[in-house]
Number of protein chains: 2
Amino acid sequence: MDDIKKNNCGGKFIHGKIVHQVQSSIPKDEILYDLADFFKMLGDTTRIKILQVLLISEMCVYDLASLLNVSQSALSHQLKTLRQADLVKYRKEGKSVFYSLKDGHINSIIDLGLTHIMEKFK
Amino acid sequence: MDDIKKNNCGGKFIHGKIVHQVQSSIPKDEILYDLADFFKMLGDTTRIKILQVLLISEMCVYDLASLLNVSQSALSHQLKTLRQADLVKYRKEGKSVFYSLKDGHINSIIDLGLTHIMEKFK
DNA sequence: ATTATATATGAACAAGTGCTCACATGATAA
DNA sequence: TTATCATGTGAGCACTTGTTCATATATAAT
């Protein structure tokens, strides 16, 4: 019963037992770093919009730019970012380049995020 | 059959039908803005670590700082950020302040993100 | 070949972010 | 009260990020 020493933080940890237990069950730093990088991709309005669209249908850059009301240049830069994060793929057709999602996980993750947000909208 | 005019982007949209269909099914800008803000919270290594810990157990600031190997100040700043995002709650006990998760969604969202990351680790 | 269209990209820059440092606050101990 | 411990916070600063502007590339039309 000495794992909780109330009102005394002088030693290493206040609650050694709990801390050690937690320490052994969280993922390695390398993984958490990648995880943060992944969520970082979803943490920008423009990119979330892009993904929302591609969730429904593939689309070429020109249409995407018009639809989202962002400059073609800004969009291309963001698409490059998403490409590097391995979240989108593309195919060329004439002068156009069609982008689409590369992964199915994104769908459910964004959906979960949406339901989280929606709860606060009432 | 004129919703696809191949190799011609002169008009408003190349693929009007698809664009309009997509346009009506993506969430409002206000929601997408909040959604991005939410994912932004998960897009930082320190914050993801904090949440990973609180996923398992509540913890006081001192223990959390020691466990995650971050300065107490940096941690307090991040905890404030998480508080403002309404992701954590806290209770005071003597000199200590114990933080815990406020919401159950975060658990499943982080888990989904983790499985996404793990797939690329082989 | 020349022109127009669709996309990509480098440089520059403004805005945002996360840290440290110093100090403030609040509670307990001496 | 005074000292100590746990946490919070403002200011400053280095670093990152997302955009614009100009230009490059690549394909198709004239």
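What you see below is based on every heavy atom in this structure, not just the backbone, and it leaves out hydrogens, waters and symmetry mates. Convention: sequence-line order gives letters A, B, ...; per-chain numbering from 1.
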Partners of [X] by salt bridge (Lys or Arg N to Asp or Glu O under 4.0 Å), sequence neighbours excluded?
| X | result |
| --- | --- |
| A/Asp103 | none |
| B/Lys102 | B/Asp86 |
| B/Arg83 | none |
| A/Lys80 | none |

Tell me: [atom1] of [X] to [atom2] of [N], nearest whole Å?
| X | N | atom1 | atom2 | result |
| --- | --- | --- | --- | --- |
| A/Lys49 | D/dG18 | NZ | P | 14 Å |
| A/Glu58 | C/dT7 | CD | P | 12 Å |
| B/Lys92 | D/dT7 | NZ | C1' | 9 Å |
| A/Leu68 | D/dG18 | CG | P | 15 Å |

Notebook entry, point to check: What residues, two or more places apart in sequence or in another chain, satisfy side chain to side chain contact (heavy atoms under 4.5 Å, CB included) together with B/Thr81?
Noted result: B/Met41, B/Arg47, B/Gln78
Next item on the list: List for me each residue that meets side chain to side chain contact (heavy atoms under 4.5 Å, CB included) alongside B/Ser25, sequence neighbours excluded, and say none if there are none.
Entry: A/Ile56
Next item on the list: Identify whether any heavy atom of B/Tyr99 sits under 4.0 Å from a base atom; if not, whether one sits that close to sugar-phosphate; answer base, sugar-phosphate or nothing.
Entry: sugar-phosphate
Check: Under the 3.5 Å rule, do the base of D/dT19 and the side chain of A/Ser71 count as making a donor-acceptor pair?
Finding: no
Notebook entry, point to check: Taking N and O atoms by type only, does the side chain of A/Ser73 place a donor or acceptor under 3.5 Å from a partner on the base of C/dT9?
Noted result: yes
Note to self: Suppose the criterion is side chain to side chain donor-acceptor pair (under 3.5 Å): which pairs have a residue in residues 31-41 of chain A, not counting sequence neighbours?
What the structure shows: A/Asp37-A/Lys40
Next item on the list: Identify, residue by residue, the members of residues 77-88 of chain A with a heavy atom below 4.0 Å from DNA chain C, and return them in order of residue number, or none.
Entry: A/His77, A/Lys80, A/Arg83
Margin query: Can you tell me which nucleotide in C/dA8, C/dT17, C/dC19 comes closest to the side chain of B/Ala74?
Written below: C/dC19
Notebook entry, point to check: How close do A/Phe39 and B/Ile109 get, heavy atom to heavy atom, and via which atoms?
Noted result: CZ-O, 3.7 Å
Note to self: Tell me whether B/Lys49 contacts the main-chain N or O of A/Leu32 through its side chain, where contact means a donor paired with an acceptor under 3.5 Å.
What the structure shows: no
Notebook entry, point to check: Looking only at side-chain N and O atoms, does A/Thr46 come under 4.0 Å of OP1 or OP2 in D/dT19?
Noted result: yes
Checklist line | OP1 or OP2 of D/dT17 under 4.0 Å from side-chain N/O of A/Arg47 | finding: no
Next item on the list: Can you run through DNA chain D from 5' to 3' and write each base as (, ), [, ], | or . depending on how it pairs? Watson-Crick or G-U wobble, both distances under 3.5 Å.
Entry: ||||||||||||||||||||||||||||||
